[in-house]
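All ligand and atom numbering here is 1-based and tracks the order in the structure. Basis for what follows: all heavy atoms, side chains included, without hydrogens, waters or symmetry-related copies.
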Amino acid sequence: MSSNATSFLIKRAKVEEDSLRDFIYPAKAGKIRPILKILLTNRCQGKCSYCANNRDTNCLRFSISPKNLSRYFMNLYSKKLVEGLFVSNALYRNADFSQEQILETLIILRKKMEYKGYLHAKILPGSDFALIRELFKYADRLSINLEFPTQKDLSLASEKELYYDLMRRLKYLSRINENEKLKSGITTQFVVGATSATDREYLTMSFYLYRNLKLRRVYYSGFVPIRGTPLESLVPVSPLRIKRLYQADFLIREYGFLPSRLAYDAKGNLLLDKDVKEAFALKNKSLYPVNVNRASWEELIKVPGIGKNKASQILKLRKEGKITSFDKLEKLKIPAKAKPWICY
Ligand code: SF4
């Protein structure tokens, strides 16, 4: 199951160690780390209209065995070209076969090759819950791509029952993770722009996933039309829309903003011409100006230009005496855009 399947496209059908270098991408997790991100095969029986690997396209098909992938990966790892592996699979033969191949790769790496580094494995729709359970023993991170925020959208772009199937597995992961905490948690990914799903719908679902299922991260992948697929004539999503979604996601995840309080246009999408926090402030004017001498930390972080660190620095600064002008805040490198939203 690969949204953003373009990242898995291969230029050569024969997969050898050298061709794996095409799949190394810089993952951001604190610092940037090179991760090998690959499907064991792109021979898929799925029919997702946004994906280059769907069974009806005539893209170049490839496969690599769990044994070869493990061997090649370890060679790249020993040369310090990669720091981790993210392994996924298409729906080849059936879901259990494809999921077993992922599991086999992890077992070879952990048990035979004694690899101790980062492993991220994808959970496939329809795969056996016992296989998912087993993956907890070997993976640092498990993910399920929900792809869309509603059943209606996923049905339009994919196969009908997939949404409930994915949600069931995501809830199962979340339950097991309560006691057997994965080091790098559970994540999901959405495709944005392949259907009419709105930013409000994406963010409402993300809020649910963070709050109720305790996901570590939700990723937003901008839809790019792929020739030969049913959606080839759609326009690619604007990178600014993805940037705004990540800004809003950050505010929801780290700052406790509610998606319902964010500012959207008439269609339910975030405003492209404004930073998300600034748009929030304009929509919720009754919360401002925030008095920097009296406000709580939670109120301070709602001010455009004031993040968690700056809010803590303001709390410290006001112990030294009343803040009477912006000059003192400027010394903390608080940007001028905060000015209209504060008072003293
Ligand atoms: S299941 Fe769908 S998204 Fe995954 S590889 Fe197959 S066609 Fe692509």
For the aromatic rings, using the six-membered ring if either is Trp, is the centroid distance between Phe86 and Tyr25 under 6.0 Å?
no
Only heavy atoms of Cys44, strictly under 4.0 Å: list the atoms of ligand 1 that pass.
1 (S), 5 (S), 6 (Fe), 7 (S)
Report the residues that fulfil salt bridge (Lys or Arg N to Asp or Glu O under 4.0 Å) with Arg110, sequence neighbours left out, ordered by chain and then residue number.
Asp140
Members other than Val235 in its cluster, when Ile, Leu, Val, Met, Phe, Trp, Tyr link by side-chain heavy atoms under 4.5 Å?
none
Ligand 1 atoms nearer than 4.0 angstrom to some heavy atom of Asn54 are 7 (S)
For the residue pair Phe280 and Tyr288, categorise the inter-ring angle as parallel (less than 30°), tilted (30 to 60°) or perpendicular (more than 60°).
perpendicular
So that I can check it, does any N, O or S atom in Cys51 come closer than 2.8 Å to atom 8 (Fe) of ligand 1?
yes
